[in-house]
Amino acid sequence: MDGAGESLPTKDLLVGFIGAGKMAFAMSRGFLRAGLVKANNITVSDPSPQIRQEFKELGVNIAEDNREVVNRSQLIVLSVKPNVVKPVLKEVSSVISKHNIVVSIAAGVKLATIEELLPTGTRVVRVMPNTPVLVQAGAAVVAPGSSADPRDSELVVELLRSVGMCEQGNEKLLDAVTGLSGSGPAYAFAAIEAMADGGVKMGLPRDLAIKLAAQTMLGAAKMVVETGKHPGQLKDEVCSPAGTTISAIHVLEKNGFRGSLIDAVEAATTRARELG
Ligand code: NAD
């Protein structure tokens with residue numbers, strides 16, 4: 001790569017992960033499975049020897065420290081916990097150049113905070129992904145920093161699409177994205193568990209109840225995505241007059257089901273704003 005701002009073909013892209021935890025593992029495995037990045041072009045660093053071993057099995061390079069990741073990479077993913085982002089940036093700032101793209105997936109850490117700790121003009125892109133990137137079904141929104149080239153965001157979107165859906169947005173949206181899709185898998189897990197409890201209460205074996213509940217959520221989500229129909233219309237189509245489903249919907253409405261989910265997204269968004 002010769003200059004800042006030029007588009008990078010992912011095939012030859014050198015990708016680094018600072019922090020080799022769950023999200024870094026899921027993303028690097030996704031990039032490899034999709035054939036977007038070569039294993040030999042990925043370098044990771046992490047203080048935990050046990051975690052480094054998991055990554056060795058992927059065939060990626062293990063760096064001795066975070067500065068080595070920067071030295072060996074064009075695009076560097078900050079995949080440490082939010083409270084570790086600042087110390088890591090201070091540690092690597094002197095080796096970051098205009099040739100690097102710094103991608104932060106840390107919840108709540110603002111672009112301005114990251115840019116302040118890096119050399120002026122550093123190309124930074126912020127992403128809010130979620131844990132289903134582990135099974136290539138993630139949902140992510142990408143927001144460019146003040147010096148990022150539009151092609152930098154496009155590159156990050158292309159990479160994230162190897163582990164699910166990914167859209168471009170701006171930073172103002174990211175707290176609400178955190179509240180909806182970042183934290184959302186937990187709401188879905190709670191719903192699956194509760195639906196399975198209902199099945200068990202009504203006589204189903206636990207393992208069958210969990211399988212049915214999970215597949216029902218998966219199938220319903222797939223119908224929304226694949227038919228493009230409004231979820232309200234799809235719900236209406238399941239509710240026959242005087243049938244079983246409308247009786248259940250009445251109970252959900254009386255118990256504030258939809259209001260609870262709206263409140264949950266609001267609460268998580270508010271908390272994300274406080275953290276930032
Ligand atoms: P994780 O704890 O699995 O991984 C973080 C890794 O960073 C650990 O392996 C840890 O050993 C390593 N680490 C700690 N200090 C370090 C240092 N100084 N240098 C290098 N590595 C260091 O966490 P995760 O779930 O993969 O989350 C990573 C980031 O992704 C977080 O900032 C989080 O906000 C963001 N994120 C997570 C989720 C989620 O649901 N897990 C969703 C969206 C965004």
Side-chain angles (χ1 to χ4, degrees), residues 15-31 42-58 60-73 76-96 102-111 113-114 117 124-143 156 159-160 163-167 169 171 173-190 264-265 268-269 271-276:
V15 179
F17 289 89
I18 296 183
K22 290 185 290 295
M23 297 299 280
F25 187 78
M27 288 169 67
S28 36
R29 199 180 50 181
F31 300 168
I42 297 181
T43 306
V44 305
S45 62
D46 197 292
S48 160
Q50 190 191 342
I51 285 168
R52 281 191 272 172
Q53 186 53 38
E54 278 178 20
F55 274 82
K56 261 189 196 155
E57 283 156 25
L58 282 184
V60 306
N61 306 298
I62 314 295
E64 281 308 310
D65 58 45
N66 297 335
R67 290 165 66 90
E68 188 189 335
V69 171
V70 176
N71 289 332
R72 294 175 67 149
S73 311
I76 298 126
V77 183
L78 296 172
S79 40
V80 289
K81 290 287 185 197
N83 63 322
V84 188
V85 168
K86 278 191 191 176
V88 161
L89 288 175
K90 284 181 188 154
E91 184 190 341
V92 300
S93 179
S94 63
V95 283
I96 298 265
V102 175
V103 178
S104 169
I105 63 165
V109 183
K110 295 267 181 295
L111 282 163
T113 308
I114 298 167
L117 292 163
V124 183
V125 176
R126 200 180 144 195
V127 185
M128 178 39 64
N130 65 5
T131 50
V133 294
L134 285 161
V135 291
Q136 273 85 49
V141 174
V142 164
V156 176
L159 288 170
L160 263 296
V163 285
M165 64 82 74
C166 181
E167 298 288 334
E171 192 175 31
L173 303 178
L174 289 195
D175 289 328
V177 172
T178 307
L180 175 52
S181 52
S183 303
Y187 321 152
F189 297 138
V265 174
T269 305
R271 184 71 189 123
R273 285 188 185 138
E274 286 166 10
L275 292 176

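Counting begins at 1 with the first residue of the sequence. Indexing begins at 1, ligand by ligand and atom by atom, following the structure's order.
For the residues Ile51, Val69, Val80, the heavy atom positioned nearest atom 31 (C) of ligand 1 is part of Val80. Checking Gly182, Pro47, Pro49 against atom 21 (N) of ligand 1, the nearest heavy atom belongs to Pro47. For atom 3 (O) of ligand 1, the candidate residues are Lys22, Met27, Lys81; the nearest heavy-atom contact is made by Lys22.
The Ala107 neighbourhood of ligand 1 comprises atoms 32 (O), 34 (O), with distances under 4.0 Å to a heavy atom of that residue. Here is the list of ligand 1 atoms found below 4.0 Å of a heavy atom in Ser79: 5 (C), 28 (C). Each of the atoms 31 (C), 32 (O), 34 (O) of ligand 1 lies under 4.0 Å from some heavy atom of Pro82. Within ligand 1, the atoms closer than 4.0 Å to a non-hydrogen atom of Met128 are 43 (C), numbered from 1 in the order shown.
Closest protein heavy atom to atom 43 (C) of ligand 1: Pro129 O, 3.1 Å. Residue, atom and distance of the protein heavy atom nearest to atom 4 (O) of ligand 1 are Gly21 CA, 3.2 Å. Nearest to atom 41 (N) of ligand 1 among the protein's heavy atoms is Thr131 CG2, 3.6 Å. Ranking protein heavy atoms by distance to atom 12 (C) of ligand 1, first place goes to Asp46 OD2, 3.0 Å. The nearest protein atom to atom 24 (P) of ligand 1, hydrogens excluded, is given as Met23 CG, 3.7 Å; this is a heavy-atom distance. In terms of protein heavy atoms, atom 35 (C) of ligand 1 is closest to Ile105 O, 3.1 Å.
Ile105 and Met128 get closest at one heavy-atom pair: O-CE, 4.5 Å. Taking each heavy atom of Ala106 and Val80 in turn, the nearest pair found is CB-O, 4.2 Å. The shortest heavy-atom contact between Pro185 and Asn130 is CG-ND2, 3.9 Å.
Judged by distance alone, with hydrogens and angles left aside, the side-chain atoms of Ser183 form a donor-acceptor pair with the main-chain N or O of Thr178 at under 3.5 Å. Judged by distance alone, the side chain of Arg126 and the main-chain N or O of Val109 form a donor-acceptor pair under 3.5 Å.
Contact annotation: for Val84 versus ligand 1, heavy atoms closer than 4.0 Å belong to the side chain alone. Counting heavy atoms under 4.0 Å from ligand 1, residue Asn66 touches it through the side chain alone. Under 4.0 angstrom from ligand 1, the non-hydrogen atoms of Val88 all belong to its side chain.
Once rounded to the nearest 0.5 Å, the distance linking CG of Asn71 with CD1 of Ile96 reads 9.5 Å. Interatomic distance, CG of Asn66 versus CG of Leu89, reported as 10.0 Å (0.5 Å rounding). Rounding to the nearest 0.5 Å places CZ of Phe17 at 11.0 Å from CG of Leu78.
Residue Lys86 qualifies as open at atom NZ: its count of foreign heavy atoms under 6.0 Å is 12 or below.
Not a single heavy atom of Glu91 sits closer than 4.0 Å to an atom of ligand 1.
Each of Gln53, Lys56, Glu68 was scored for a side chain to side chain contact (heavy atoms under 4.5 Å, CB included) with Ile62, with one residue passing: Lys56.
The closest side-chain heavy-atom distance from Phe25 to Ile51 is not below 4.5 Å.
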